[in-house]
Amino acid sequence: MERDPLVTRPLNFKPLPETEMLGRGEDFVENLRQRRSVRHFTADPVPKQHIELAIGAANSGPSGANRQPWHFVAVSETTMKARIRKAAEAEEREFYKGGRATEEWLRALAPLGTGWRKPFLEQAPWLVAVFKETYGVADDGSKITNYYVNESVGIACGLFVAAIHRMGLATLTHTPAPMRFLNGILNRPANERAFILFPVGFPTSDCVVPDIGKKQVSEVSTWFE
Ligand code: IYR
């Protein structure tokens with residue numbers, strides 16, 4: 001098979017002074033540590049441009065063979081958000097009340113206070129559905145293999161979350177399960193599967209979050225120096 005030629009250009013990497021490296025790292029982590037998953041949003045509108053920027057951050061991420069196996073669907077339309085809420089709640093009701101979740105899983109979720117009702121799916125000004133492209137489709141309709149799809153889309157979603165937070169907005173990594181209903185409502189093709197549904201907006205002034213923390217870096221890392 002014919003291979004594409006390698007074309008290169010200079011990287012133009014600019015090293016930073018040591019103090020600036022540290023300062024930037026500390027600022028970045030300190031800011032990220034203030035991020036919380038939010039489930040209560042105001043109706044205040046968020047300009048489309050902010051959502052576009054967050055998608056730009058996600059789309060900058062590395063991906064297997066640079067396939068960028070993702071697609072973002074941004075919804076501010078009221079009736080569509082209502083349809084998504086209704087379908088998500090039907091699935092979540094089965095999960096929480098219909099016996100789909102194991103007792104162990106429900107116990108693990110108890111400290112988060114989640115339940116089947118998802119009013120945030122209508123209250124947030126935007127819902128951004130991220131789809132993973134399990135395979136690509138060529139012009140002639142044949143399948144194109146994508147690589148490391150979950151890793152690629154997971155990284156893209158992480159960058160999306162970081163960008164949303166950095167802009168002073170809030171979101172939630174919502175995963176109604178199963179999410180197949182999103183293909184129908186959002187008219188996405190069979191080679192795409194919903195990965196995460198992000199409500200995006202401003203937290204309500206009385207918004208509370210679970211009083212939970214993060215492990216220490218020392219607990220989640222091992223070093224060979
Ligand atoms: N998908 C459900 C349940 C849920 C599961 C996990 I793991 C969470 O960290 C939070 C929720 C929901 O969205 O409520």
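Ligands are counted one by one from 1 in listed order, and the atoms in each one are counted from 1 as well.
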Provide, line by line, the atom pairs where ligand 1 and the protein bring an N/O atom each to a distance under 3.5 Å; else say none.
residue  : atom   : partner : partner atom : Å
ligand 1 : 1 (N)  : Glu92   : OE1          : 3.4
ligand 1 : 1 (N)  : Thr175  : O            : 2.8
ligand 1 : 13 (O) : Glu92   : OE1          : 3.3
ligand 1 : 13 (O) : His174  : ND1          : 3.1
ligand 1 : 14 (O) : Glu92   : OE1          : 2.9
ligand 1 : 14 (O) : Tyr96   : OH           : 2.6
ligand 1 : 14 (O) : Lys118  : NZ           : 2.5

task: State, without any angle test, whether Asn59 and Gln68 hold a side-chain donor-acceptor pair at a distance under 3.5 Å.
output: yes
- request: Just jot down the salt bridge (charged side-chain N to carboxylate O under 4.0 Å, His left out) partners of Glu104, sequence neighbours excluded, or say none.
  value: none
task: Please determine if Lys132 forms a cation-pi arrangement with Phe195, meaning its NZ or CZ atom is less than 6.0 Å from the six-membered ring centre and no more than 45° off the ring axis.
output: no
- request: Sorted by first residue and then second, give each side chain to side chain donor-acceptor pair (under 3.5 Å) pair with at least one member in residues 41-54; sequence neighbours left out.
  value: Thr42-Asp44
Side-chain donor-acceptor contact under 3.5 Å, Tyr96 with Thr114: yes
Residues that Arg83 engages under side chain to side chain contact (heavy atoms under 4.5 Å, CB included), provided they are two or more places apart: Ile185
